[in-house]
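Okay, structure first, notes after.
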Amino acid sequence: MTTILVVDDAAVDRRLVGELLAKDPDLDVEFAVHGVEALEYMKRRLPELVVTDLVMPEMDGLELVGAIRRDYPLAPVILMTSKGSEEIAVKALQQGAASYVPKRTLARQLLDTIHNVLAVSARKREHSRLMQCMAKNECTFVLDNDTALFAPLVTFLQEGVARMGLCDEMDCTRLGVALEEALTNALYHGNLEVGSALHEDNGRNCFALVEQRTREAPYEDRRIYVEAKLSRDGAVFVLRDDGAGFDPTALPDPTDPANLERASGRGVLLMKTFMDEVIYNDLGNSVTLVKYRNYKVNSPNHEDS
Amino acid sequence: MSTARIFSAEVESDALIVLPQGSVSSLAGEGVRPEVDELLQQLSDSGVKSVVIDFANVSYFGTIMLGALHMIWKRVRECGGKMALCNVSVVGCEVLRIAGFDTLWPICPSREEALDSVRV
């Protein structure tokens, strides 16, 4: 049996939905009258799918979607929308609700929508299980000095880490910050050899210098090399540039109030704070970022991305 | 509204509201400066002194964003205005704290509270 949790404060609507879902003998329907009660139910037993009203006392549908997305990311949520709740429905969809059905068309659409969402959800769970079987994943990139590639690369690496369940969503975000700092350092400080003045108010000339060097030898021929090694123990990223390197121990302490207005060292500090290990090679043109697994995936309800 | 790619801005309640958006996390350093210059020009043209940076559309950011904030803040300070941030994500708050920037400006949960905090 597939358990569907229906959340609605209106008894008449709960009854209507219950009758509609009773047409499918494979569905087991449970009810809650608001979001808090729904979450209490989900602590005891996890339904395969949640169908929720949006406007409810205690905890509304938007808050419920957020809580489910955070705590049970593989449990899909379908919204039942009524006139006047369109705005909140859009927010709920942005927060990760799987689909919505207007209340006036429940009889026509709800069962089909539930079947469609359950099918997608089943594929995600299978994919998630498969990814948890992955023992090792390695890849290498060689990038031009093109910042437009940074965001897609970081997203790709974050997704790989998330798929293998190496860290939770928040730590994946922190990992993204660290990787982007390492990439921007490799480009500006490494390959193009422009300093932290780039980020400072007096750095106007640096921008012209960046423009110039991206089209000028030897800078334009330099590349950024990124190796990612993901295993069940954690993730190791090695980022190397073709620049002359630097001495990371010579960086000013960015936490010293006297250095607050200086850009130097902030990126390295962020990397060191957000990663478990940050190691530079002797030349200072290669940095290894390590993130150990901290997120045990024991439940089928932890999603893969 | 400006047509800037990374920042959009509009005047609201005697403050310039700046909305970073898009892929701010990996802002191209060379792309930020012209946009910050445009914002500073907009600040001068608008006649307001204070700035609220609303991070509602940004999940996180790094040092390039910090540098941009610092440039804006210097101008605000010169004008005798105030600056506040709002709707900053958990990781965004961590970045500000790690960099020591959390002491420079109020970090408010909502735009309304940020506007209240910059009212001179």
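All values derive from a computational prediction rather than experimental measurement. Chain letters run A, B, ... following the sequence lines, proteins first and then strands; every chain starts at 1.
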With sequence neighbours excluded, what pairs up with Phe246(A) under the side-chain contact (heavy atoms from CB on, under 4.5 Å) test?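 With sequence neighbours excluded, Phe246(A) shows a side-chain contact (heavy atoms from CB on, under 4.5 Å) to Pro248(A), Leu251(A), Tyr280(A), given in chain and number order.
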Tell me the closest heavy-atom pair linking Thr173(A) and Tyr60(B), and the distance in Å. CG2-CD2, 3.3 Å
Within this structure, what is the CZ-NE2 distance for the pair Arg266(A) and His70(B), rounded to the nearest 0.5 Å?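 With rounding to 0.5 Å, CZ (Arg266(A)) is 6.5 Å from NE2 (His70(B)).
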For the atom pair OH (Tyr188(A)) and OG1 (Thr63(B)), what is the distance rounded to the nearest 0.5 Å? 10.0 Å
Surrounding CG of Asp242(A) (heavy atoms of other residues, nucleotides or ligands, distance under 6.0 Å), is the total greater than 12?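 Counting neighbours around CG of Asp242(A), more than 12 heavy atoms of other residues, nucleotides or ligands fall under 6.0 Å, so yes.
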Between Val90(B) and chain A, which part of the residue has a heavy atom less than 4.5 Å away: side chain, backbone, both or neither?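 The side chain, not the backbone.
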